[in-house]
2 protein chains.
Amino acid sequence: MPEDTFLSLQPALLGFFINAPRYAYDLSREFEHDLGRVWRLGRSLMYAQLKELAEQGYLAMDVVTQPNRPARKIYYLTDAGRIRFAQWLNQPTMHIRNIRVEFLVRLYFFRTLNLPGLQELVTKQKAVLGEMEDALEKNAGDIQDDYWRLVVDFRLGQIRAVQQWLELCLQTV
Amino acid sequence: MPEDTFLSLQPALLGFFINAPRYAYDLSREFEHDLGRVWRLGRSLMYAQLKELAEQGYLAMDVVTQPNRPARKIYYLTDAGRIRFAQWLNQPTMHIRNIRVEFLVRLYFFRTLNLPGLQELVTKQKAVLGEMEDALEKNAGDIQDDYWRLVVDFRLGQIRAVQQWLELCLQTV
DNA sequence: TATAACTATTCATATTGTGAATAATTATAT
DNA sequence: ATATAATTATTCACAATATGAATAGTTATA
């Protein structure tokens, strides 16, 4: 499947554990409220993702039993998880089609966790977009095919729109 | 998954059968060459898609045996298929994230099959984009949340870039 | 007081995508 | 001349991803 829809977003979930341990049910609600319009992730998926992140060693888990209620599986961040999150957060998105979700999710964490480094990330992201532009323009130079020319123009349009938005993004700090 | 990645593109394949019957292996090569950079569809998927389109009654099939070669399953368009394709082709894309693939594929067929109606489609598509814009701007008016404001601005940027590109698209007829 | 919604998780299933296997044939390389 | 690779044409098992129902007690709403 979409080689990068998921794999590249999974570490983002670690960000929700920076301040406190969480369990999936609870997190799923907050997630839906805060990011549901940006990144669609059903409740069942959340359970599966936390389980995987734990298998990878980024989260650890305690089972907390409660009277008259199902037991909670409380996950908390490991040191490896903290490092992984920071690494994910500060990495620019390499594929234009993922910016829509990935960058917006990164931005969410920069703002809600009040983290430094947004400016640097924006700079890196602009550089990556610039390279995409160059690559497209280069291979578009020697194009006879009108159709391919239009495809390239479409993509350039999207890229440039993102570049402009990134500026706006810095101003709204 | 993405409720509309696939379902909304499947009928597009019918367009390859407008001029002549085809079999999957052969079609897959042409597809890869013409649209591979716009719509990624592996060979195995092509087989599966043609089979489904046949089950839906949009394609019919003949098995043609050949000496010393695997038999070919040749598919051809039914009347229902012809109608379905025309309907798909002239319908604007309703979800912004699908325009990137859907509209570009429609454009491909308008051009390669030399079909009329591109202008009308562009008009419809612009109307749909205009509605998206209105909906976003409306619910953005009463926004306190700076983050959501940025999300909305990102989307507006994408939409406006597509609108500009659509103009270009008409000029390149 | 019946009906619905909430808490918390799991699981079976649906959907979608990938890569290998097949087996004969022709092209390329040493 | 001969081994190696690529081509033809399709199928299939499997991986990865997403959805909805099932569970079972509890509290809220009608």
Side-chain angles (χ1 to χ4, degrees), chain A residues 1-13 16 21-33 35-36 38-56 59 61-76 95 97-98 101-102, chain B residues 1-13 16 21-33 35-36 38-56 59 61-76 95 97-98 101-102:
Chain A
M1 224 245 119
E3 101 251 22
D4 29 31
T5 14
F6 219 105
L7 290 171
S8 49
L9 270 167
Q10 198 180 42
L13 294 175
F16 287 104
R22 312 290 297 261
Y23 54 104
Y25 186 83
D26 158 54
L27 173 53
S28 188
R29 197 212 319 276
E30 183 180 331
F31 182 91
E32 196 61 32
H33 177 263
L35 284 176
V38 169
W39 177 12
R40 190 126 301 271
L41 183 74
R43 209 196 287 289
S44 320
L45 250 313
M46 180 66 81
Y47 279 91
Q49 292 313 310
L50 298 192
K51 197 180 166 192
E52 271 185 43
L53 285 165
E55 276 159 18
Q56 289 161 23
L59 294 177
M61 188 201 63
D62 279 341
V63 177
V64 178
T65 56
Q66 332 170 72
N68 301 331
R69 285 255 169 267
R72 280 178 186 165
K73 292 193 171 177
I74 300 208
Y75 291 93
Y76 55 91
H95 300 283
R97 67 182 162 289
N98 294 342
V101 179
E102 265 183 47
Chain B
M1 225 243 121
E3 101 250 26
D4 29 29
T5 15
F6 219 105
L7 290 170
S8 49
L9 270 166
Q10 199 179 40
L13 294 174
F16 287 104
R22 311 290 297 263
Y23 54 104
Y25 187 83
D26 158 53
L27 173 54
S28 188
R29 197 212 318 276
E30 183 180 331
F31 182 90
E32 196 60 34
H33 177 263
L35 284 177
V38 170
W39 177 13
R40 191 126 301 271
L41 183 73
R43 209 196 287 290
S44 322
L45 248 313
M46 179 67 81
Y47 278 91
Q49 291 313 308
L50 298 191
K51 197 180 166 191
E52 272 185 42
L53 285 165
E55 277 160 17
Q56 290 161 22
L59 293 177
M61 187 201 64
D62 279 340
V63 177
V64 179
T65 56
Q66 335 169 67
N68 300 331
R69 283 257 169 266
R72 280 179 186 163
K73 292 193 171 177
I74 300 208
Y75 290 93
Y76 53 91
H95 300 284
R97 68 181 163 289
N98 294 341
V101 178
E102 264 183 47

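The basis for the numbers below is simple: all heavy atoms, side chains too, and nothing from hydrogens, waters or symmetry mates. Naming convention: chains lettered A, B, ... in sequence-line order (proteins, then strands); numbering from 1 in each chain. Quantities reported herein were computed from a predicted structural model and do not represent experimental measurements.
- Summarising the geometry, the separation between CD on B/Gln10 and P on C/dG17 is reported as 11 Å, rounded to the nearest angstrom.
- Spacing between atom CD of A/Gln49 and atom P of D/dT19 amounts to 12 Å, rounded to whole angstrom units.
- In this structure, A/Tyr47 does not reach the C/dT10 phosphate: none of its side-chain N or O atoms is under 4.0 Å from OP1 or OP2.
- Judged by the 6.0 Å and 45° rule, B/Arg22 forms no cation-pi pair with B/Tyr75.
- Between A/Leu35 atom CG and A/Leu41 atom CG the span is 10.0 Å, to the nearest 0.5 Å.
- Rounding to whole angstrom units, CG of residue A/Leu45 and P of D/dT19 are separated by 7 Å.
- Atom P of nucleotide D/dT10 and atom CG of B/Leu50 are separated by 9 Å, given to the nearest angstrom.
- You'll find the side chain of B/Met61 stays beyond 4.5 Å of the side chain of B/Leu50, heavy atoms only.
- B/Tyr47 has its side chain out of reach of B/Lys51: every pair of non-hydrogen atoms, C-beta onward, lies at least 4.5 Å apart.
- Atom CG of B/Asp26 and atom C1' of D/dT8 are 11 Å apart (whole Å).
- Between A/Arg72 and C/dA8 there is a side-chain polar atom (N or O) within less than 4.0 angstrom of OP1 or OP2.
- Listed here is the closest heavy atom pair of A/Ala24 and A/Met46: O-CG, 4.1 Å.
- Within the 4.0 Å cut-off from OP1 or OP2 of D/dT11, at least one side-chain nitrogen or oxygen of B/Lys73 is found.
- Remark: A/Gln66 is in phosphate contact with C/dA8, judged by side-chain N or O atoms under 4.0 Å from OP1 or OP2.
- As a whole-Å value, the separation of B/Glu32 CD from D/dA9 P is 17 Å.
- The residue among A/Arg40 and A/Arg69 whose nearest nucleotide of DNA chain D lies closer to the 5′ end is A/Arg40.
- Two residues are said to be in side-chain contact when any heavy atoms from C-beta on lie closer than 4.5 Å; B/Leu59 and B/Leu13 fail this criterion.
- Fit an axis to the five pairs at each end of the helix from C/dT1-D/dA30 to C/dT30-D/dA1 and the two axes sit 20° apart, to the nearest 10 degrees.
- In terms of heavy-atom proximity, A/Ile74 sits nearest to A/Tyr23 at CA-CB, 4.3 Å.
- The side chain of B/Tyr23 contributes no N or O atom lying less than 4.0 Å from OP1 or OP2 of D/dT10.
- Within the 4.0 Å cut-off from OP1 or OP2 of C/dT7, at least one side-chain nitrogen or oxygen of A/Arg29 is found.
- Between A/Tyr25 and C/dT9 there is no side-chain N or O to OP1 or OP2 distance below 4.0 Å.
- Residue A/Asn68 places at least one side-chain N or O closer than 4.0 Å to OP1 or OP2 of D/dT26.
- As judged by a 4.0 angstrom heavy-atom cut-off over every strand, A/Ala48 is placed among residues making no nucleic acid contact.
- Here the shortest heavy-atom pairing between A/Ser28 and A/Arg43 reads OG-CG, 3.3 Å.
- In this structure, CE of B/Met46 is placed 15 Å from C1' of C/dT16, rounded to the nearest angstrom.
- Rounded to an integer number of Å, the gap from CZ of B/Arg43 to P of D/dT10 is 10 Å.
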